[in-house]
Amino acid sequence: MEYKFNEIEKKWQDHWKEKKVYKVSNESTKPKYYVLDMFPYPSGAGLHVGHPLGYIASDIYSRYKRLKGFNVLHPMGFDSFGLPAEQYALETGQHPAETTKKNIATFKSQLDKIGFCYDWEREVQTSDPNYYKWTQWIFLQLFNSYYDTTANKAKPIAELVKSFETNGAATHDSPLTTHAFTAAEWNGYSKQQQEEILMNRRLAFSKYGEVNWCEALGTVLANDEVVNGVSERGGHPVEKKKMRQWYLRITAYADRLLDGLETVDFSDSMKEMQRNWIGKSQGAEITFQVVNSQSSIVNNGVPDSGVPFTIHHSLLTVYTTRPDTIFGVDFMVVAPELDLVQQIKTPEQTAAVDEYIAYVKSRSDVDRMAEKKITGCFTGAYAVNPFDGKQIPIWISEYVLAGYGTGAIMAVPCGDERDFKFAKHFNIPITNIIGSYFNGEEANATKEALLENSGFLNGVKMTDAAEIVLQQLEEKGIGKRKVNYRMRDAGFSRQRYWGEPFPIIWSDGVAIPLDAEELPLQLPHVDKYGPGPSGEGPLANITDWVDLTPNPSPKERGAKDPGYMNSTKDEWRKTLQFAKQNRKDATVEEDIIWQEVRNRKIADCKFRRQHPIAGYIPDFVCLEKRLIVEIDGGYHNEADQIKFDTARESWLAEQGFTMIRFTNDEVNNALKTVLKNIEQALSTKESISEAAESNSPLPGRGVGGEVKRETSTMPGYAGSSWYFLRYMDPKNTATFCDRKASDYWNQVDLYIGGTEHAVGHLLYSRLWTKVLFDLGLIGYDEPFKRLLNQGMIQGVSALVKRIMVVKNDEVNRFLLIPDATKSQTPLEIIQFYVPVKYVEYKDNQLILTRENLLKLQEESPLYLNWELATVNNIFESVDLQNNFIERQSLTDNLKDDYVTLQPLVEKMSKSKYNVVNPDDVVDKYGADTFRMYEMFLGPVEASKPWDTKGIEGVHRFLRKLWRLFNDELKGKVWNNDKATDAELKILHRTIKKIEEDTEKFSFNTAVSAFMICVNDLFDVKCHKKEVLEKILILLVPYAPHIAEELWSQLGNEGTILDAQYPTFNAALLVESSKEYPVSINGKVRTNINLSLDLQQADVEKIIAENEVVQKWLEGKAPKKVIYVKNKMINVVI
RNA sequence: GCCCAUGUGGCGGAAUUGGUAGACGCAGCAGACUCAAAAUCUGCCAUUCGCAAGGGUGUGAAGGUUCGAUUCCUUUCGUGGGCACCA
């Protein structure tokens, strides 16, 4: 019987699907284990062989844990919002939703072929409204929260508002409160003023920030779309532009993100990367006077009386981690974009400064930091050293970034390499404050030196000087201690289409959140994906989506007899205040009802109290069901009031509201009946569906004026920051994840993904988790207990050297040349990708054959005018005058029918034509072979190029395993004989190795161990069920299909996926002696077999008698004999 | 530039973390079976000197610690990843 992997794998995949063996329940008596993969972005290129590396690793570990008796959650989904789909839409006009759907279908079928144990019923897609509803919802939690630095956690912003209303604010409450105000002042502020202060505290907030702006394309570009200051597409100039952006206040969590690293099991390098990203440093902020001086003659700290200078009103504040070097400051460097520069530049330097700023504007941050070239410009101004009055020239240079610290540094060239180079380049004299530690050739960042040339610090050790300087600065009031972070708040807006829309509307400059009931705010359909009129996202073009009916005045809403109301904004504000007051002045009966209906207590419907609708303020309203509950006081019997009530009721009825009334008596004496009636009323009314909602925000919010929707969308990391929670409870419509589910599954026990997400995704999801924890929505504040980094599988691109032949200004054809390095042809040689599909191996070289070139040409017209050529031919036939090569003489004389290609290891990507599709590999060798081969390639953590060459070996191994059970001619060969000790030894050695290796994710060595085991079993001709079935269980995580097939062939009932993992018996492997290597001076010369219980003296005696050792000793006595039990023996001569 | 990782035969990699460098596999070579091919099996396979026995060299490079270093330390070079709007 043959190993027909195609049939076997299909059969079991179908069987498993039908039996739902991968369905995971949130209820189990088994211990839980949560294995998570970083979910893929479903690109148009499909899954490539690099993706499954981590997925196979996690699948192996999940299956292993299952065999070990755990309830394992191992889900999969798609990070389906993103730029590529939008880019594709821009080029082809296909809607991203369409292409994304198609791509996901492809990915899923590809994943399924590999035989992963996912519970697809838990799949999540970030672009699914049912999912991003909750992304938006969590964003609103962030928006509605602030960071309380005293409690050191996030709290609802309503609490802050309350505190402002009663206590006002002192500036020192938070570094984010810009000025102090009393409660009375706060209450007197306009809505706009209040919101501005609150915006400054929200965890999700909006402010102006710089973006890469490309005027020609009319759009904002990503950093990697900008190359050397121009756009990647089209090469148009790009410059920095300020735009309103959303941010997440990740800086508030800097310390907790840092501390949290102590509690998780990530690799040290990963933690290190995150620490560096956060970049916490302790130092000082120092403020300097700025002067504009014609001369810098300084006399004992006092400028010469004869030299005129003016003191600017500007002050220069720098951040430094080395206050001890204050006397070594030879110049200041300010970030060119700071406003300060405009204030302090002198007239003589203005032209030079402006020119330099224009140059800097054109450069990206990455360029600026990566640049080796030293650039800068003197501003003409000087800062005054507060300790000795020395005037220090102020420069601007791109190596100082505005966003870090204060955007200005004090440069100490003797102690800082970059400052030193800058000083050398611009011939700025260098002060040496570290004596012999400084050699004049390079800076020395020592902290050990005794200070020199440092005024009152002379002779003080640098490590002590910092503290002295800090004290002096604080005494003089010109500086303070400062903890600084390199990390900036996370930009959360994208001027793009294919992302989550913000659940925010803007009304007169105030951001107003949508209500939870209004979510999801669906991404509207667009026909064009170009940027908005002034660089906003494409959504800005859909005016009937963006422009909302301005929040109508009560009159506009048709209020008949408002009496105390009219249509002006101020009056409307009064209504709101009225409502607010009503809430405070609630009657006892109203409070009773409120306690019963709040928090969705009744029929899961949200009630509000004293909520203005147009000009009316009903006692309670459920907006979703359009139900109003009134608790009547006695005054409702008055004639005027009845008239008003009737008018109100009929207008509200027109708007779809039903009103039910209860008296105070009823509330006091028959509460149960009242509640029952409310419930009854709710049940008779339909929920207002999202579609039926008017385009206008629910009435009663906003401050009037123009009302528009936010037009930017959320970035890629929004959806991926919390997806691990959704898998736990993916279908929940009431909440993002039920607390019971998140408590049961708790943290992700094992998270597998690439290092490319080291800082971005991991920090953001850690942040979201901490916020959700602070708000009491989940029970832990670190999402991932353990992180395993998977390496990248790179592609091997094949490059061909190509000469373009141009005739009469028209590209005539391309000549592919075998080895251009030998060529001195004057024609331009261009490298070009050849799709890997058509690349063959010959003599360890990549080649493109004539035959494959023809196939290539059939497939794509792109290659139609390609021809093989030889270097010699080019020389012979090229007509340089006309840049023309005679066709005839070329192809006929070609020695070989192929050209060699230049291999290049790089990322797998469609544009590089080096993507290898796992489907092809699975079709040819089967999923089990593919899974084991990917693992066999090397350690999961390591990056390596994909190479199919070795796959035969793994496939041969599986066939060999098969032949332990079945013979091609004889059929079944396994038997029920009792296993011998030698056979059990092979088995238990394997159990030990596989278990150890799987536990430590050393899957490549585990595959080797399987091979060794099968080879050994063949050597002893062991076909015994007793041994073989144990091996099969070990193999399940690695090659589930063949294991299940052979398991059933052995006559077992039920699936092997839930078999009992074999236990290792150490007693079977005990040895009594060992073949010791004997070294002379560390070099192995011979081996001797010794009993394991020998002592040092016994060994020395035996060694002395050994022939080989005697030969090397040449009669002398050994100086020393080193004997390490169970390891080795070394004789020192 | 800064941060992180990494470098071992023709190739992917192994080495119980300081103790026989090259397990396992690919490729290659020689042979068996076969009319032949495929499949399978056996042997060789870092490099160099040598008929052999045996010896020299060898884990990117240069130094150091140690009885002993792929492993620890210092310096240096190459490659890959990240650097905040690719995901």
Side-chain angles (χ1 to χ4, degrees), chain A residues 38 40-41 43 79 81-84 87 211-212 220-226 245 250 267-270 272-273 275-277 279 365-372 399 403 417-418 486-496 715-717 720 754-761 763-764 789 791-792 794 841 843-844 905-907 933 936-939 941-945 947-954 956-957 959-960 963 968 996 1002 1004-1005 1007-1012 1015 1018 1075-1087 1119-1122 1124 1126-1133:
Chain A
M38 287 184 188
Y41 173 79
S43 78
D79 190 10
F81 272 135
L83 200 50
Q87 196 58 43
V211 293
N212 296 317
V220 176
L221 298 175
N223 275 337
D224 71 336
E225 291 176 304
V226 183
Q245 306 278 359
I250 192 169
S267 70
D268 288 342
S269 61
M270 180 64 49
E272 192 63 22
M273 272 194 261
R275 283 194 199 103
N276 289 332
W277 178 272
D365 284 2
V366 179
D367 285 345
R368 282 172 65 172
M369 287 184 295
E371 189 58 76
K372 287 182 189 170
Y399 81 84
E417 194 56 39
R418 221 160 23 163
R486 200 178 74 91
M487 180 165 68
R488 312 197 286 268
D489 281 325
F492 202 65
S493 294
R494 299 293 181 264
Q495 278 64 47
R496 308 284 184 189
Y717 65 81
S720 61
T755 40
E756 66 271 25
H757 301 283
V759 279
H761 161 63
L763 273 178
Y764 299 134
N789 288 120
M792 291 227 284
Q794 293 137 323
Y841 282 93
D843 302 330
N844 281 327
V905 174
E906 55 187 348
K907 256 190 188 175
Y933 180 60
F936 188 62
L937 272 175
E941 303 96 315
S943 292
K944 53 239 153 190
D947 182 358
T948 339
K949 270 192 285 182
I951 200 165
E952 291 283 351
V954 175
R956 251 172 250 167
F957 152 75
R959 279 210 308 257
K960 194 163 178 178
R963 283 188 284 118
E968 262 180 58
E996 281 173 1
S1002 180
N1004 56 328
T1005 50
V1007 177
S1008 294
F1010 278 121
M1011 290 173 169
I1012 292 167
N1015 288 345
F1018 251 94
E1075 184 87 358
Y1076 278 91
V1078 180
S1079 312
I1080 314 288
N1081 283 346
K1083 283 223 181 317
V1084 181
R1085 298 298 176 186
T1086 185
N1087 287 296
K1119 264 193 201 143
K1120 202 173 170 189
V1121 175
I1122 293 150
V1124 184
N1126 209 8
K1127 290 264 194 260
M1128 44 62 71
I1129 297 163
N1130 188 16
V1131 183
V1132 187
I1133 301 178

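The chains referred to below are lettered A, B, ... by the order of the sequence lines, with proteins before strands, and numbering in each begins at 1. What you see is a predicted model; the values in this text were computed from it and never measured.
A donor-acceptor pair is defined here as one N or O able to donate and one able to accept, closer than 3.5 Å; such a pair exists between the side chain of A/Asn212 and the backbone of A/Leu221.
Counted within 6.0 Å of CG on A/Asn1126, heavy atoms from surrounding residues, nucleotides or ligands total more than 12; the atom is thus considered enclosed.
Taking only distance into account, the side chain of A/Asn1130 meets the base of B/C67 through a donor-acceptor pair shorter than 3.5 Å.
Nearest nucleotide to the side chain of A/Trp277, out of B/A84, B/G13, B/G81: B/A84. When distances are taken from the side chain of A/Gln495 to each of B/A87, B/C85, B/A84, the shortest belongs to B/C85.
As the counterpart of B/C83, B/G1 is assigned, both hydrogen-bonding distances of the Watson-Crick or G-U wobble pattern falling under 3.5 Å. The partner of B/U42, taking Watson-Crick or G-U wobble pairs whose two distances both stay under 3.5 Å, is B/A30.
In terms of the side-chain contact (heavy atoms from CB on, under 4.5 Å) criterion, residue partners of A/Asp79 (sequence neighbours excluded) are, by chain and number, A/Phe39, A/Thr126, A/Ser720.
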Quick one, A/Lys1120 with A/Asn1130, criterion side chain to side chain contact (heavy atoms under 4.5 Å, CB included). Give me CA distance, side-chain angles, the key distance, then yes/no. CA-CA 8 Å; A/Lys1120 202 173 170 189; A/Asn1130 188 16; over 6 Å; no

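Glycosidic conformation of B/U75: anti, with the torsion beyond 90° of 0.
Taking atom P on both nucleotides, B/G28 is separated from B/A5 by 38 Å, rounded to a whole Å. Between the C1' atoms of B/U20 and B/U70, the separation comes to 14 Å (whole Å).
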